[in-house]
There are 2 protein chains.
Amino acid sequence: MANKPVTIKEIARKLRISPSTVSRALNDHPSIGLVTTERVKKMAAELGYEPNQTAIFFKQRRTFIIGVILPKLSEPFFAEAISAIEDEAAKHNYTVLLGQSLDSIEREKNIVNTFRNHRVDGIIMSLGKNTTDLSFTEALNKYNIPIVFFDCVPEQLNVPKVSCDLSTGIYEAIEAFKQRGHQHVALINGPETLHASVERTHSFKQALERCGLPFHEDYVSHTDLTEKGNFEAFQRLRNLKEKPSAVLSFNDFVTLDLIKYAKENNVLIGYDIHVISFANYPLWKYMDNPPLASIEQYPAEQASIASRMLFRLINNEGKEELPVENAKLSSKLVYQ
Amino acid sequence: MANKPVTIKEIARKLRISPSTVSRALNDHPSIGLVTTERVKKMAAELGYEPNQTAIFFKQRRTFIIGVILPKLSEPFFAEAISAIEDEAAKHNYTVLLGQSLDSIEREKNIVNTFRNHRVDGIIMSLGKNTTDLSFTEALNKYNIPIVFFDCVPEQLNVPKVSCDLSTGIYEAIEAFKQRGHQHVALINGPETLHASVERTHSFKQALERCGLPFHEDYVSHTDLTEKGNFEAFQRLRNLKEKPSAVLSFNDFVTLDLIKYAKENNVLIGYDIHVISFANYPLWKYMDNPPLASIEQYPAEQASIASRMLFRLINNEGKEELPVENAKLSSKLVYQ
DNA sequence: TTGTATGCGTTATCAG
DNA sequence: CTGATAACGCATACAA
């Protein structure tokens with residue numbers, strides 16, 4: 001029936017001691033006698049005392065909350081990531097404030113702002129596809145709120161981040177294609193403006209060279225990531241005089257559209273064309289024509305490492321000048 | 001460079017007026033003169049003043065945070081739900097604290113406890129599969145923290161909740177099967193202990209009767225929701241002397257296993273057996289042998305309604321004695 | 001070992 | 001219209 005919550009003062013009054021003694025007793029302060037400590041704890045339990053966290057937060061300038069900003073939870077990649085973050089947070093007695101950016105820079109700014117107002121102790125963020133300007137993070141410095149990026153990270157070095165190196169997985173993919181006798185390997189890449197796309201093209205080219213396979217610009221087909229764009233990107237490849245027999249596709253959603261397109265156009269996946277996809281959709285095993293393999297990017301691992309970085313920063317409280325950590329995992333080719 | 005954040009007091013000092021005046025000016029209190037208000041605001045802007053929310057939260061006994069507890073974000077159903085909640089929360093200037101229960105009662109309790117300590121202003125929760133004892137919510141009363149349930153809700157009436165009535169969708173499904181000439185329709189149901197399963201069996205039986213189709217206990221096959229259990233449940237149906245030609249499956253994950261099993265055992269979906277699934281996996285359109293249709297349960301709508309209920313309770317602040325709201329949406333059969 | 005006093009940043013009450 | 005003061009619940013420096 002919602003009585004007024006018990007406070008330290010009440011316990012003190014009932015016990016005819018001072019609030020500070022109660023406070024210390026409850027916190028197992030060494031200077032308090034065993035007997036009083038016990039008395040206080042007993043009374044606290046009896047009254048059902050529970051500390052008012054908001055008061056503590058206010059006083060200690062710590063909220064025990066971290067904010068997590070990511071594009072979209074409906075992508076399995078991020079659902080896995082946030083679970084890992086939640087686990088890591090729980091270990092440190094922290095809770096997770098959630099914000100989905102939906103790849104909108106405007107929303108990213110708002111969320112950062114809200115989190116800042118809430119005085120979260122730190123932020124973990126995966127950038128939206130088009131975000132390059134990080135000036136909005138500067139406002140965080142004012143309150144010494146550390147931010148760690150993962151997966152889609154800024155290019156600057158002086159910011160803590162963990163990401164996945166796609167070049168290793170790409171190389172393994174090309175190698176796998178070559179072993180299966182493919183000579184013409186294509187890449188369906190994201191928008192040319194994306195840093196992520198540029199990197200992929202680079203690694204793709206390098207891997208081909210290392211494997212002694214030819215690279216030709218026509219074999220890199222860009223999509224705007226809409227269904228239509230995905231279709232067209234695939235179509236461009238199919239229209240080449242020398243059709244590629246193998247293709248690396250930008251992500252699972254592109255791959256799904258590719259599969260759909262193939263079905264509608266009587267292209268047989270695994271026969272006319274072989275596919276390897278980035279990321280790793282949990283459902284491939286149920287599909288009739290799944291990709292040959294996927295380039296695993298370890299969302300949970302990335303997120304865990306980022307969390308641990310963040311807690312190191314939080315617990316350091318800006319005391320020491322810690323070195324900026326940058327971690328990079330190797331992606332890997334995995335078969336379903 | 002992390003200077004000490006500017007406070008109201010500093011503004012007051014610089015302007016040689018009292019802090020309370022500054023506070024009122026910043027809040028556009030009508031009793032403050034226009035000139036002072038302007039002066040204060042200008043100075044505040046100059047100094048880059050930002051209110052310390054934690055202090056305000058503390059003072060106002062409001063955190064502007066709601067907690068959301070659900071089983072698993074990796075289920076698309078809940079990913080959609082939480083996005084709807086986030087949107088609704090943003091409209092009310094609220095932020096979302098996240099907790100995944102993973103269907104563990106222990107975790108549910110811990111999360112509720114953590115949220116309570118953080119003094120969230122309210123909670124939205126979808127219960128884990130096995131949760132029936134709601135005593136852990138009683139602790140919330142102490143702080144007048146309202147809780148609203150959605151989708152997987154407690155049976156009691158005196159608790160605000162919104163769920164989806166499956167009987168309408170089930171009826172439409174059975175009708176659709178009948179129109180296609182099916183006489184033997186089966187149900188792959190969840191564990192018998194689950195309230196949700198019992199309800200489904202009931203609605204299933206009723207729908208068959210209304211459609212003039214026979215009901216037989218053998219045609220309700222229970223699974224423990226593991227892959228093995230799903231396989232066996234399907235197998236039991238296939239082993240009946242009179243094999244069902246149509247089947248309603250407990251949820252999308254069961255359906256996926258069913259599809260897998262069918263493929264491995266040369267059962268042709270859409271020919272040997274026709275399937276309608278609960279919920280609506282966003283990926284059916286990419287599959288070669290998708291279910292005929294799905295029973296849509298409107299996660300986003302459920303979550304939105306629950307959010308609005310919650311904010312009504314929060315904004316009422318326990319002043320009036322509001323009636324307990326119970327909403328029920330009708331499920332619907334949808335084709336892909 | 002314990003109590004007293006003070007402050008965290010803000011707002012509300014009351015007085016002027 | 002504005003200022004002084006108290007209060008929210010807790011923790012801590014200092015005093016005893």
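All chains are named by letter (A, B, ...) in the order of the sequence lines, taking the proteins before the strands, and each is independently numbered beginning at 1.
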Taking [X] first and then [Y], would you say they form a salt bridge - that is, a charged N and a carboxylate O separated by under 4.0 Å?
X	Y	result
B:Lys142	A:Glu50	yes
B:Lys161	B:Glu325	no
B:Glu86	A:Arg107	yes
B:Glu88	B:Lys91	yes

Requested in this report: Tell me whether the guanidinium CZ or amine NZ of A:Arg119 lies under 6.0 angstrom from the six-membered ring centre of A:Phe57 and within 45° of its axis.
Outcome: no

Query raised in the report: Reading nucleotides 8-16 of chain D from the 5' end, what letters show protein touch, with B for base, S for backbone sugar-phosphate only, - for no heavy atom under 4.0 Å?
Result: BBBBBB---

Report summary line: Its 5'-most and 3'-most nucleotides having an atom under 4.0 Å from a non-hydrogen atom of chain A, DNA chain C is contacted over C:dT1 to C:dG9

Any chance you could measure [X], atom [atom1], to [Y], atom [atom2], to the nearest 0.5 Å?
X	Y	atom1	atom2	result
A:Thr137	A:Gln156	OG1	CD	8.0 Å
A:Ser163	A:Leu329	OG	CG	7.5 Å
A:Asp103	A:Cys152	CG	SG	8.0 Å

**Report entry** Residues within residues 110-119 of chain B bordering DNA chain C, heavy-atom distance below 4.0 Å
**Finding:** none

Requested in this report: Would you mind classifying the nucleic acid contact of A:Thr54 as base, sugar-phosphate or nothing, using non-hydrogen atoms under 4.0 angstrom?
Outcome: nothing

Query raised in the report: If we only count heavy atoms from C-beta on, is the B:Val96 to B:Ile85 side-chain gap below 4.5 Å?
Result: yes

Query raised in the report: Is there side-chain contact between B:Val68 and B:Leu70, with heavy atoms separated by less than 4.5 Å?
Result: yes

Quick one: side chains of residues 34-41 of chain B, donor-acceptor pairs under 3.5 Å with protein atoms, not counting sequence neighbours, listed by atom name and distance.
{"unit_1": "B:Thr36", "atom_1": "OG1", "unit_2": "B:Gly33", "atom_2": "O", "d": "3.0"}
{"unit_1": "B:Thr37", "atom_1": "OG1", "unit_2": "B:Gly33", "atom_2": "O", "d": "2.8"}
{"unit_1": "B:Lys41", "atom_1": "NZ", "unit_2": "B:Asp28", "atom_2": "OD1", "d": "2.8"}
{"unit_1": "B:Lys41", "atom_1": "NZ", "unit_2": "B:Asp28", "atom_2": "OD2", "d": "3.3"}

Requested in this report: For residues 26-47 of chain A, pull every pair meeting ring pair (Phe, Tyr, Trp, His ring centres under 6.0 Å), keeping only residues two or more places apart or in separate chains.
Outcome: none

Report task. Compute the bend angle of the helix from C:dT1-D:dA16 to C:dG16-D:dC1 from the end axes (five pairs per end), rounded to 10°. Result -> 50°

